Amino acid sequence: MVLEKIQKENDIKELNSEELTLLAKEVRQFLIEKISKTGGHLASNLGVVELTIALHRVFSLPEDKIIWDVGHQSYTHKILTGRKDGFDDLRKYGGMSGFPKRKESCCDAFNTGHSSTSVSAGLGYAKARDLQQEKFSVISVIGDGSLTGGMAYEALNNAAHVGSNFIIILNDNNMSISENVGGMSRYLGGLRTAKAYNGIKSGVEKTLGYIPFAGEKLIKQLKKTKSSIKQLVVPGMLFENMGITYLGPVDGHNIKELCRVLREAKKMNHAVLVHAITEKGRGYEPAEKNPSKFHGTGPFEIETGMPLKEKVKPDYTDIFGKVMYDLAAKDKKLVAITAAMSDGTGLTPFRRRYPDRFFDVGIAEEHAVTFAAGLAAGGMKPVFAVYSSFLQRAYDQMIHDVCLQNLPVVFAIDRAGLVGNDGETHQGIFDLSYLCSIPNMTVLSPKNRYELADMLRYATDFGKPIAIRYPRGCAYDGYREFQAPIVYGKSEKIFEEDGIAVVAAGHMFETAVKIRDILKETGYNCSLINARFIKPFDEEMIREIGMEHELVVVIEENVRSGGLGEHIAAFMKQENLKASFLSVAIADEYVEHGNVEVLRTETKLAPEIAARTIMMTYIGAQEGQ
């Protein structure tokens, strides 16, 4: 096997051209076999096998710097830098990350996980190189979907001024997570079909080459001319007009052609963009036919592509999507917004039934929030469905464009709390902190699937900025009988006893139930309160339990700093309440990748660990009295 010859970075340079073709085939087979067992990002990685091989063939790592936008397509890069054996524990706790990580390898130049960042990071690297008079190449690999993010445009606008070699690889597979939308997608579509340009260019150069003495001079002059043949044929010429030399389109699965173009790009003393056309999911028919399904997949059966573990219960995303679909039938002002995540946020049925009221803005969360603000100011009821980790990118827009004007935008925040295998860049453990810091923002979090439905109905008629945060995974269906109507700022007392009072934030209610069971078995009394409202929290309830209990515990799947517990602790101190206080939350640190249950154990949120902490704190509080 050719793959066995790759033990470390740059081993690929020892292979011949025939072996490179075999290597691409073996890498694909390796990825399919490994990801079918561990799960991971398959389609995007299958699409960049040849491109990655060409990059490693032409450039030398770790001296040269390859920066992968988002980074979920870096699996082949990891294989070619000696990390093949790490795929058995891919995305498991303590195992290899599914994204580039500097602390994992010196060949990972920059940590990534969110989109549209690579050009900015690459420019910074290039400028640092020049200031220190060093000599190495900087290559930023960005997908066409990531070009819908405004940060990419900001970086491209500055790329022309770098004044030295800087290479941008546009990995164009016409597919982000959802189908690409907008003007950039149409523009790239025009470039893909502009084969006439390449034909005319090569024909003109070939003809001029036959002219004795003057031919070469004319070719050079043609390349330097601003109003070149390219501008006459290729629509838009966006990149060239920004001052970035454009090379392509090139077949992203032709290693020889890719290497030729990359060597040409390497010679230039300014910013250059290489436009590579790739096919997402290439080499595995189920992924080719349904790349969205195999964007991020769990373990699956290789022969059919079917998941090994069928989903038996609806998850919170399913519940959100169904309620949105039903509400839209009754309220024609209700509109849905997503940032390239119609499937991931459960809005696909809504999109099919109400296409005029569905807006996929591409990977552009900042724009999505201000767009929602404009819709709200215009009299509509916008619901922006977004992953917690990605909403971080629109913090200013929430403050300045939505909450400052007190506009009725609903934020449906999916993947809140510990997300799991995608790691630090995707954990939704900061949303309560940043949401609660914004004036005019109301924040709710449901204890189960039924409460999510009730909260969404409540939110769409609320008339002010409001956020509902809910986790990834199967929706908890316990305690349906405890389902009082939603009342602004009011919590819900499930059990009333003395001694210890546990206040659960949202989906941590299920964990709190288990904690209470452990406490009861050990002989402790325990009241249980479902917070419901994170902001404003129920001051009357906290005042009551703070007077009647010896210990108040707040459990939340959010960082402790700025979370519900911190706010309640400050209130209790202000009110001089007699009870001691304990916050069960995530420490002020980033959380690694791994199974959610494992991560809860590591962050001390697992029921057994949390119950033990509560008992020790309670004993200490009693001894201190």
Side-chain angles (χ1 to χ4, degrees), residues 20 24 43-44 46-55 57-59 66 68-69 73 76 116 118-119 122 139-148 152-153 156 159-160 166-176 179-206 222-223 228-268 270-283 288 291 362:
L20 291 178
S44 54
L46 293 177
V48 297
V49 172
E50 288 84 3
L51 175 58
T52 310
I53 287 173
L55 284 167
R57 181 78 164 183
V58 172
F59 300 99
I66 302 174
W68 300 91
D69 205 275
Q73 78 284 53
T76 302
S116 313
S118 63
V119 182
I139 310 98
S140 293
V141 184
I142 187 167
D144 51 319
S146 292
L147 279 185
T148 62
Y153 290 100
L156 287 170
F166 173 48
I167 301 169
I168 303 165
I169 309 294
L170 173 54
N171 170 34
D172 182 1
N173 56 34
N174 195 29
M175 192 81 192
S176 52
E179 184 178 352
N180 287 330
V181 295
M184 176 54 74
S185 179
R186 288 193 296 273
Y187 172 74
L188 293 177
L191 291 182
R192 294 182 202 108
T193 57
K195 295 179 181 177
Y197 158 67
N198 289 317
I200 292 173
K201 177 187 173 186
S202 59
V204 169
E205 290 185 5
K206 187 175 181 181
L222 178 65
K223 289 180 177 178
S228 65
I229 193 76
K230 190 185 288 187
Q231 281 191 296
L232 296 176
V233 183
V234 178
M237 281 311 302
L238 172 67
F239 304 112
E240 292 274 351
N241 289 339
M242 294 178 80
I244 302 169
T245 295
Y246 172 84
L247 299 178
V250 60
D251 182 354
H253 301 293
N254 185 322
I255 297 173
K256 183 179 179 181
E257 182 66 10
L258 282 166
C259 289
R260 183 190 67 78
V261 174
L262 290 174
R263 290 189 181 102
E264 184 178 343
K266 191 176 179 180
K267 296 174 185 176
M268 298 186 180
H270 53 269
V272 54
L273 184 140
V274 176
H275 184 183
I277 308 297
T278 61
E279 180 186 6
K280 200 167 186 178
R282 186 179 178 93
E288 290 176 353

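Below, all heavy atoms of this structure are taken into account, side chains as well, without hydrogens, waters or symmetry copies. For reference, positions follow the sequence shown, starting with 1. None of the values given here were measured: they were computed from a predicted structure.
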Worksheet entry | Derivation of the side-chain contact (heavy atoms from CB on, under 4.5 Å) call for E257 and D251 | CA-CA 7 Å; E257 182 66 10; D251 182 354; 5.5 Å; no
Worksheet item: Run the side-chain contact (heavy atoms from CB on, under 4.5 Å) check on I167 and F59 step by step: do they pass?
Response: CA-CA 12 Å; I167 301 169; F59 300 99; 3.6 Å; yes
Worksheet item: side-chain contact (heavy atoms from CB on, under 4.5 Å) between T278 and H253: does it pass, once the steps are laid out?
Response: CA-CA 6 Å; T278 61; H253 301 293; 3.8 Å; yes
Item to complete: Go through the steps for L46 and Q73 under the test side-chain contact (heavy atoms from CB on, under 4.5 Å), then give the verdict.
Response: CA-CA 8 Å; L46 293 177; Q73 78 284 53; over 6 Å; no
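When all heavy atoms of G252 and A276 are compared, the pair lying nearest together is CA-CB, 4.2 Å. The minimum heavy-atom distance between I66 and L55, with the atom names listed, is CD1-CB, 4.1 Å. Annotation for I244 and L273: closest pair CG2-N, 3.7 Å, computed over non-hydrogen atoms. Residues A24 and I255 approach most closely at CB-CD1, 4.5 Å, considering heavy atoms. A pairwise comparison of heavy atoms in K266 and V58 identifies NZ-O, 3.4 Å as the closest pair. Between A159 and A271 the shortest heavy-atom distance is O-CB, 3.4 Å.
Taking the side chain as every heavy atom from C-beta outward, I142 and N171 never approach each other to under 4.5 Å. When side chains are defined from C-beta on, R282 does not count as touching V49, because their heavy atoms never get closer than 4.5 Å. Taking the side chain as every heavy atom from C-beta outward, I168 and V274 never approach each other to under 4.5 Å. Considering only heavy atoms from C-beta on, I277 comes within 4.5 Å of H275 through its side chain.
The closest donor-acceptor contact from the side chain of D69 to the backbone of S118 lies under 3.5 Å. Within the 3.5 Å criterion, the main-chain N or O of V48 finds a donor-acceptor partner in the side chain of T52.
Taking CG of L247 as the reference point, atom CZ of F239 lies at 12.0 Å (rounded to 0.5 Å). To the nearest 0.5 Å, atoms OG (S116) and CG (L147) are separated by 7.5 Å. Of the inter-residue distances, the one linking L258 atom CG with E50 atom CD reads 8.0 Å to the nearest 0.5 angstrom. To the nearest 0.5 angstrom, T148 atom OG1 is 7.0 Å from Y153 atom OH.
A distance of 6.0 Å or more separates the ring centres of H270 and F166.
With sequence neighbours left out, E288 forms a salt bridge (Lys or Arg N to Asp or Glu O under 4.0 Å) with no residue at all.
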